[in-house]
Amino acid sequence: MSSLERMLSLLDVFTPAAPVWSVDDLIRYSGSPPSTCYRYLKVLCGAGFLARVANGSYVLGPRILELDRTIRLCDPVYVAGTSIAQHLTDSLGYSTLLCILFSDSVMCVQQARSRDAPPQLFNRGQRRPLIAGASAKAILAHLPLHQLRSIYAKNRKDIASGGLGSDWEHFKRALKQIRSDGYCMTVGEYNPGVMSIATGLFNRDGEVLGSLAMVAWAENSDITAFRTLTPEVVRAGQEISARIAATENMMDLPARAIG
């Protein structure tokens, strides 16, 4: 790991469960000499990614909020999809999610919660594996072949256990079926009791950017009735993709690489 990678990895330790870190704990985590860790902290604080608080501890800094604002103003999936996802929730009564591809995972960029939203509902800023759940598979199915080969090589066992095929050919066929259907539906695949219908979101060149998913708590919903709403999800996804394609000066470039 390079020095720059070690410095940036310090940001990874800040989580909702552990939002404040002391200098001593950061030094132990980094595995670097104290002088080096202090230098990392000085740079991260100077850039606004960390902030020093009482008793010499550190928290995430305000620059991250500034960058988040920029993303909310510029991300094509967030900008084009937020109002449509909210309307879908308001009209159908189920929670909706907007997700994007991030490295070898799927990340939620916006959610519209229904009154009886699943307690484990995917939230903005959370990541999940790219090979489990409808919101992930709706993206996975539309990735270029070279990216799929890389994903399959790294996740062969998980792909088989997740029902996407016991070998490369079956994996390709499973994804082809999702592309043909135009959507993916899963029940309890990532979280027990949560069912979801998702469809891909695309830029003007037909490259996948993310997915729109409608999510329900199986305890409160009938699976058959929920499935009948698939056309509504697909139409909403097509409307979001059309908005992305029609918006001038929108940076609607697909994720370049996996891993």
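All figures in this text were calculated on a predicted structure; none of them were measured in a lab. Computed from heavy atoms alone, side chains included, the values below leave out hydrogens, waters and symmetry copies.
- For the residue pair S114 / S95, a side-chain donor-acceptor distance below 3.5 Å is found, with atom types taken as modelled.
- Taking the centre of each ring, Y94 and F226 come in below the 6.0 Å mark.
- By the 4.5 Å heavy-atom criterion applied to side chains, W217 and D116 are not counted as neighbours.
- Y29 OH: more than 12 foreign heavy atoms inside a 6.0 Å radius.
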*May I have the step-by-step check of side chain to side chain contact (heavy atoms under 4.5 Å, CB included) for L143 and L101, ending in yes or no?*
CA-CA 10 Å; L143 293 179; L101 175 66; 3.7 Å; yes
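- Between W21 and Y58, the gap from one ring centroid to the other reaches at least 6.0 Å.
- No more than 12 heavy atoms of other residues, nucleotides or ligands sit less than 6.0 Å from atom CZ of R227.
- The side-chain contact (heavy atoms from CB on, under 4.5 Å) with Y40 is formed by just one residue from the set L50, L10, L26, I27; it is L10.
- For the pair R128 and F122, the distance from NZ or CZ to the six-membered ring centre is under 6.0 Å and the angle to the ring normal is within 45 degrees.
- For R28 and D24, the salt-bridge test fails: no basic side-chain N is under 4.0 Å from an acidic carboxylate O.
- Using a cutoff of 4.0 Å between basic side-chain nitrogens and carboxylate oxygens, R235 and E239 are not scored as salt-bridged.
- If you check the side chains of D167 and H170, you find a donor sitting under 3.5 Å from an acceptor.
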*Would you please test E66 and R63 for salt bridge (charged side-chain N to carboxylate O under 4.0 Å, His left out) and show each step?*
CA-CA 5 Å; E66 187 177 45; R63 181 68 188 282; 3.0 Å; yes
